[in-house]
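Hydrogens, waters and symmetry mates play no part in the numbers below; they use all other heavy atoms, side chains included. Both counts, for ligands and for their atoms, begin at 1 and track the order of listing.
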Amino acid sequence: MCGIFAYSGKQKNAGELVIRGLKKLEYRGYDSWGVAYQAPEKLGLLRKVGKIGEFNLEYNKMPESTLAIGHSRWATHGGVTEANAHPHTNAEGTIAIVHNGIIENYQELKKELEEKGYIFKSQTDTETIVHLLDLYCKTDDFVSAAKKTLARLHGRYAVLAVKTGEHKIIAARRGSPLIIGVGENEHFIASDIPAFLEYTQQIMYLDDNEMVVINDKPHFYNLETQEEVEKRVVTIDLKPESAEKGNFAHFMIKEIMEQKDTIYRAINQNDTDILKLAEEIKKAYGTFFVGCGTAGKVCLAASYVFAKVAKRHVNVVVGSEFPSHQDFLKEKSLVVAVSQSGETADTLEAIEVAKKKGAKVLSIVNVVGSTMDRMSDYTIHIKAGPEKAVASTKATTSQLAILTLLAYACNNDLQEGKRLLIETAGQINDMLNPRYEEHIQKLADKIKNVESMYVIGKSVNYPIALEAAIKLQEVSYIHAEGFAGGELKHGPIALISEGTPCIVLVANDETRQDILNNAQEVKARGGYIIGISPQQESVFDYWIKVPDAGMASSLVNIIPIQLLAYHLAVLRQNNPDMPRNLAKSVTVK
Ligand code: M6R
């Protein structure tokens, strides 16, 4: 949530370079954007409301500069206005800062600063940081003033500061990501690696409660002990093109299509590691699957696979609700955190709660080196490659695949799990062909103007119905809800009227007849039944065929939904990569 990008080095137009980097981070926030660059007298500042992707550098040349910081915003405190856009500056315009996160004690700090005569120009929590820094700079040098400022902040943050006359960037983090890219006589700072991948694959991690001062060479400090810390430079294995759209119109469709390959990559894990982690699950006194949004639905779907395959009960809790369950955690409990980004604040908080209780944490993440990856006792990387569209697609199926594999490993049947998933990966590869997509596009065209739609499923397909609703809501903006088929008659069936689309997720197992009966109940009230099923059934008005994938039916059933959501978004002229009000990585609570 919010993208940060900064540059210090030999290139002559740091401002332009930062704008180009921010364009790659736009998926993290696209309400407004801004950049501050070092100009001879005071800092140059450019701030705009709207998407940075629409800013044309050809027609808007930036002045020469070798140091700049930038930000693309997802609004938390204060509306979407230029005054609330980052960077924020002090009254003289000699200090600028960008910030991602929430300063929880900003009201108290603001009151204190106002009493000292500081005048606020925005409604943001962020502006308190720059005035506080200004205050401390009156008595201290820039670095000491920054340390004093950071010591006063409560909450999660990633923050960068620059000051006229100081050719340096100060950056610090607590709970929100920042990574340093190391080039030849130049440095990049970004919320996410893809922003600087075209320049360098050498990185340094800034950990929580650390600050880095970058001039010629980065100097890292632990903010608690104030001591300097040594850091290693790590080479990452990511190709610049993996974070580009290539020939696809949108990242979302590119990432859906990448599922031809990502499931194979996900399950290509070291058997010994998977078996060891399965043992951890088996010996745990209480296993808690935790995730948010789509990742939370993946957790719920996996709980059915664990029940059926491994005959094990697991608790499923969404990240934001986890603190209320902490009394059930023991030292021998295991928290399995599922996250694409590895940076979701609510999931991170759940991990923090678990660690305080002495429980072990296994993270299933996509982003290598993310906060979750680094703070967990064990990690499984899903290896899906950068996922940039806000709507999660390839990460979802990879997470489902990994959890399915773990369930089989818990049942001492790892090879059987692998066989099933390899077969499913092959089936998904076959599904993702142009004719299949056209069939779904046709359906999208038929239903593109509806006001509401519903999705029902049973057993493992019930969480997939919930996930389907998220997918449809977030990119098509059509009101969509998911239900367990059996729940309809307890209330929601009142919502069905003539022509209301209802997607029915069918698996070829003991649940088939029940869900088809539920579909009949909807049809009897005028509903338009869209069946996602291995077989054609008489109740269907529109049939989308999926392979019979047995215990992996959740993986195949979500694919047509992803395609449908994408095509509905395109037909309704929404940008599927950057849906309104959302951001890719939710780093605020
Ligand atoms: O990065 P994470 O997997 O932790 O993100 C969790 C949710 O914010 C995310 O899945 C969100 O619900 C997606 N936009 C859904 O497509």
Side-chain angles (χ1 to χ4, degrees), residues 1-3 27-30 74 156 175-177 191-192 194 250-253 255-256 259 266 289-302 316-322 335-351 361 363-373 375-376 379-382 384-400 402-403 463-464 466-477 480 482 558-559 561-566 568-569 574-589:
M1 209 150 249
C2 298
Y27 58 92
R28 299 182 65 91
Y30 31 86
W74 186 84
R156 292 175 182 275
S176 299
S191 312
D192 210 351
H250 297 101
F251 278 108
M252 185 174 174
I253 190 69
E255 289 159 9
I256 292 173
Q259 292 171 111
F289 284 2
V290 185
C292 298
T294 291
K297 307 301 176 258
V298 165
C299 290
L300 193 58
V316 179
V317 190
V318 294
S320 54
E321 293 298 319
F322 193 78
V335 168
V336 179
V338 180
S339 173
Q340 186 286 129
S341 61
E343 302 291 352
T344 300
D346 290 327
T347 313
L348 282 172
E349 192 189 28
I351 295 180
V361 177
S363 282
I364 297 178
V365 298
N366 192 27
V367 179
V368 178
S370 57
T371 308
M372 259 174 239
D373 183 3
M375 72 194 285
S376 301
T379 307
I380 302 179
H381 296 129
I382 63 169
E387 190 182 68
K388 293 188 88 174
V390 166
S392 179
T393 54
K394 60 177 179 172
T396 312
T397 45
S398 294
Q399 291 161 347
L400 283 167
I402 290 289
L403 285 161
I464 298 304
L466 302 180
E467 162 55 9
I470 298 188
K471 219 74 318 153
L472 294 163
Q473 291 157 359
E474 70 183 331
V475 297
S476 78
Y477 312 153
I558 196 61
I559 303 281
I561 299 282
Q562 295 172 347
L563 285 167
L564 180 63
Y566 172 76
L568 281 170
N574 304 339
N575 180 345
D577 287 347
M578 285 183 242
R580 67 184 178 205
N581 307 338
L582 291 169
K584 180 66 179 163
S585 182
V586 187
T587 54
V588 292
K589 285 208 292 171

Does the side chain of Ser376 pick up a donor-acceptor pair with the side chain of Ser363 at under 3.5 Å?
yes
Looking only at protein heavy atoms, which one is nearest to atom 7 (C) of ligand 1, and what is the separation?
Cys292 O, 3.4 Å
Is it true that Val586 lies under 4.0 Å from ligand 1, counting heavy atoms only?
yes
Which residue supplies the protein heavy atom nearest to atom 5 (O) of ligand 1, what is that atom called, and how far is it?
Thr344 OG1, 3.4 Å
Residue pair Leu582 / Tyr30: nearest heavy atoms and the distance that separates them
O-OH, 3.0 Å
Nearest-contact summary for atom 15 (C) of ligand 1 - protein heavy atom, Å:
Thr294 OG1, 2.9 Å
Any side-chain donor paired with an acceptor under 3.5 Å for Glu343 and Ser370?
no
Ser392, any N or O under 3.5 Å of ligand 1 N or O
yes
Using a strict cut-off of 4.0 Å, indicate which atoms of ligand 1 neighbour a heavy atom of Ala295.
3 (O), 10 (O)
closest protein heavy atom to atom 13 (C) of ligand 1 is Val390 O, 3.7 Å
Students should be able to answer this: which protein heavy-atom is nearest to atom 16 (O) of ligand 1, and at what distance?
Glu474 OE2, 2.4 Å
What protein heavy atom lies closest to atom 3 (O) of ligand 1? Include the residue and the distance to one decimal.
Gln340 N, 2.6 Å
List the closest protein heavy-atom neighbour of atom 1 (O) of ligand 1: residue, atom name, distance to the nearest 0.1 Å.
Ser341 OG, 2.6 Å
If you look at every heavy atom in Leu300 and Val316, which pair is closest and at what distance?
N-CG1, 3.8 Å
May I ask you to list the atoms of ligand 1 that are less than 4.0 angstrom from any heavy atom of Lys471?
15 (C), 16 (O)
In terms of heavy-atom contacts, Ser191 and Arg28 come closest through CB-NE, 3.4 Å
One residue to check: Glu343. Relative to ligand 1, which of side chain, backbone, both or neither has a non-hydrogen atom less than 4.0 Å away?
neither
Are Lys471 and Thr393 linked by a side-chain donor-acceptor pair shorter than 3.5 Å?
no
Tell me whether Ala391 reaches ligand 1 (any heavy atom closer than 4.0 angstrom to a ligand atom).
yes
Shortest non-hydrogen contact from Val475 to Ala565?
CG2-O, 3.3 Å
In ligand 1, the atoms that come under 4.0 Å of a heavy atom of Gly293 are 12 (O)
Side chain Glu255, main chain Lys394, donor-acceptor under 3.5 Å:
no
Looking at every heavy atom in both Met252 and Asp577, which two are closest together, and how far apart are they?
N-OD1, 2.9 Å
